[in-house]
Colleague: 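Take this structure first; my questions come after.
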Amino acid sequence: MQDYLQGLNERQREAVLHIHGPIMIIAGAGSGKTKVLTTRIAHLMASGVDAFNILALTFTNKAAKEMKERVEHILGNNEARNLYIGTFHSVFARILRADAHRLGYPNNFTIYDTDDAKSVVKTVINEMHLDDKLYKPATVYNRISAAKNALVTPLDYANDYYIQQEDMRANRPALAKIYDAYCKRCFKNGAMDFDDLLLKFYELLKTFPDLLSKYQHKFKFILIDEYQDTNPAQYAIIKMLGAMHENVCVVGDDAQSIYSFRGATIQNILQFQKDYDDVKVVKLEQNYRSTQNIINAANSVISKNKGQIPKVLFTENASGEKIKVVKTMSDNDEGKFIADTIQEQKLRNHFANKDFAILYRTNAQSRAFEEALRRLNIPYTIYGGISFYQRKEIKDLLAYLRLIINTKDEEALKRIINYPTRGIGKTTVDKIILLANTHNITMWEVLENAPQFGFRSGTLEAINEFVTMIKSFISMLGKHNAYEVAFHVGKQTNLVKELFNDKSTEGLQKYENIQELLNSIKEWVESPDNEEGEVVDKTLGAYLQQITLLTDADEKDPDADTVKLMTIHAAKGLEFECVFAAGLEEMLFPNVMSINTREELEEERRLFYVVITRAKKKLWITYAHTRYKFGSLVQNEPSRFIEELPEEFLDRTYAGGGTRLLSSFSPGGSAFDRLNGGWGQDTVLDAERKYGPPPSKKTTPSYLSPKPEPKVKEHTPTPGFVASDVSEIQVGKRVEHQKFGFGEVIKMEGASHNPMALIRFEHNGEKKILLNYAKLRVVE
DNA sequence: CCACACCTGATTTTT
DNA sequence: TCAGGTGTGG
């Protein structure tokens, strides 16, 4: 028997050894799913399957990377680099890069992230003269996204009776039109959003039999991770790709399906068995991760859900400690408690920082934990903030790069046409947009042909300068690599200089970020590693497409010795020695947005199941009596999920952390509290009297803040006030201002298209006056 | 044209 | 709280 089969249990081995034909692996939490997948790939290759014929799809880059590394490790050679392992989005994007032109897109199509996409939605809504209060871009975008994920085209959408009824009821009958306009605009921009990467690939396969056949032959063996989280578009693609060989292996756990809001449907699991004649089903039910207590608790939680694939997770691990349930007074106390407990556990049980994870329902909760950890100097890493590539300054530079790769990309163009300012303001941009729309050309084409559209001479000059500059960048593309182009662009546009001159903390940070971006591009250009084994594409276009699909999780080192903070969603697939499940409160978890239907509530419960099963050894469940929600203090009920945990697995008396803490929280389960349905009788006022006001009081009461009265001493302009010509304003001249009265010009500054004068007024101090707009009269 | 002050309205989870 | 939108004054 091959080495790699050692250490697999009966079921796992069964899953690995089944080579031909469809197989579905129902893998409970911590049952060695990744091990099975990677070993299976290794086994396929050991059995003579060419790495080039294996496609493995995951949901995150992290999972893809891990899978690849583990296969490499098992095989001990570099054949693994020929595997096609990646996320749905990145793999499809790569394929589309070769064939997108067949659908009328440029192969260098831009990938719009969520922000770009929402911005397009907004543009479309405005151009249709619809009320953006009624049609909120975010909501509309979500709806469009849902439609795309369900393979509902704009035409389908408009013709579907039920959808139309729904939109009517929601008072947004124009949605179908917006959807259509949005798609057309993206197409015109030569851009695809995240959903398009799936949808357009699907269209490609469906429309062009030669391509379908090509990829069916290439991908003789297909493996799908986290199958419970696939949406109908992904399902349809997998089905088409796998139709020829039927060597499709899906791995999933219906109990961990937590992405239905993104269009994922459990139906895909149930449907899988119907799609093929003979599906082998393997259940992995032995958990190797957690203690018995944790597993038992998790099982009883998930049993509250109706309709699931029957299975019972079990473990041979020690029974372990009970789950600590802890109540704190406030969200800040929750943070303190957790930080103190981490400190204590590190000392007492010799845990490292990286053994801890604080997991929560919403990103907004992270602040209290950050503050508390920082106070104790405990290093931490937050996941789920904005990615490096989504920072403003980074997106600005990237927008230039995007534009020179794809001049149709209007989102990029709009972003940088006047940044840094070059005298092409809102009025001009609006005019350009109008011209583009009426002539049915792109904004760039308007700019290129600006002379024939009658712009004011100054504006025209600014436009021509801009066009010349961008064209000079474009001409670099053939001769220079991505780094050289990016560096040149940063320099030439003064973007780097602008940030360099900004001496504020943020300015410095931004400058450093730009440098970091340039470095990373350089690194990317120089790294010999290729992704999936084929010809290395080191063009700027390839770079841009790749980074849009990166999340902040991909930029952080998971092995760093830091406490990890992230949402439960982001923690899927991970495990930690010690887990804090925080914020177990009604309206927060289960979230207020998800308590209206049984389906939603069950998904929240699965989320609870996921967080419980992340823990290997120790699990704390915390909840706070009061919490700041969008600025104001609210009181909370404990989560119903806590009540669903059998008492036998719980320890409600845990006092935890340092002694200092004991005064600032009441440990969850005094008999009185429990008798009274959970909460003590403290009012918020009581709480504040006892424990002091909550921290982070940045706002001083209005009656204390000294109002800086900007007393302008009244001035009546001399009769017959006439503003002098700008050229007459010179240093040393005595001038009169309509409002500020008389003063002397001290200094001239500002760019030539926007001159400013620094003037010291007799009664109103020094002021900067913009000569183009303010009226000044030179006193003779 | 642009900087800044003020106001308002929104808040789930993410490739 | 906070980001984005609007209004105002330079």
Colleague: Sugar-phosphate means primed atoms, P, OP1 and OP2; the rest is base. With that split, encode nucleotides 3-14 of chain B 5' to 3' as B, S or - using protein heavy atoms under 4.0 Å.
Modeller: -------SBBBB
Colleague: Which part of the nucleic acid, if any, lies within contact of A/D195, taking any heavy atom under 4.0 Å across all strands shown: a base, the sugar-phosphate backbone alone, or nothing?
Modeller: nothing
Colleague: Test the A/R262-A/Y259 pair against the cation-pi criterion, namely NZ or CZ under 6.0 angstrom from the six-membered ring centroid and within 45° of the ring axis.
Modeller: yes
Colleague: Round to a whole Å and report the spacing from CG of A/D113 to P of B/dT15.
Modeller: 12 Å
Colleague: Going by atom types only, do A/T548 and A/D113 share a side-chain donor-acceptor pair under 3.5 Å?
Modeller: no
Colleague: Starting at atom CD1 of A/I417, determine the distance to atom C1' of B/dC1, rounded to an integer number of angstrom.
Modeller: 14 Å
Colleague: Look up atom NZ in A/K136 and atom NZ in A/K118, then write down how far apart they are to the nearest 0.5 Å.
Modeller: 12.5 Å
Colleague: Quick check: closest heavy atoms across A/S90 and A/L549, and the distance to 0.1 Å?
Modeller: CA-CD1, 3.6 Å
Colleague: For the backbone of A/T362 and the side chain of A/Q365, can you confirm whether one donor and one acceptor N or O come within less than 3.5 Å of each other?
Modeller: yes
Colleague: Name the nucleic acid region contacted by A/F194, choosing base, sugar-phosphate or nothing; use a 4.0 angstrom heavy-atom cut-off, strictly under.
Modeller: base
Colleague: Tell me whether the NZ or CZ atom of A/K572 lies within the 45° cone about the ring axis of A/F59 and under 6.0 Å from its centre.
Modeller: yes
Colleague: Does any residue of residues 424-431 of chain A have a heavy atom under 4.0 Å from DNA chain B, and if so, which ones, in number order?
Modeller: A/I424, A/G425, A/T427, A/T428
Colleague: In a table with atom names and distances, give each donor-acceptor pair under 3.5 Å that connects a side chain of residues 383-393 of chain A to protein atoms at least two apart or in another chain.
Modeller:
unit_1 : atom_1 : unit_2 : atom_2 : d
A/S387 : OG     : A/Y389 : N      : 3.0
A/S387 : OG     : A/E555 : OE2    : 2.9
A/Q390 : OE1    : A/S387 : N      : 3.1
A/E393 : OE2    : A/N513 : ND2    : 2.7

Colleague: Anything under 30° is parallel, anything over 60° is perpendicular, the rest tilted; go ahead and classify A/H569 against A/F261.
Modeller: perpendicular
Colleague: Think A/N418 has a side-chain N or O under 4.0 angstrom from the OP1 or OP2 of B/dC2?
Modeller: yes
Colleague: Measuring only the C1' atom in each nucleotide, how far is C/dG4 from B/dT13? A whole number of Å is fine.
Modeller: 23 Å
Colleague: With A/F641 as reference, evaluate A/F589, A/Y623, A/Y609 under the ring-ring contact (aromatic ring centres under 6.0 Å, His included) test and give the passing residue.
Modeller: A/F589
Colleague: Send over the distance from A/R422 CZ to B/dC2 P, rounded to a whole Å.
Modeller: 11 Å
Colleague: Expressed as a whole number of angstroms, how long is the span from A/I386:CD1 to C/dC2:P?
Modeller: 14 Å
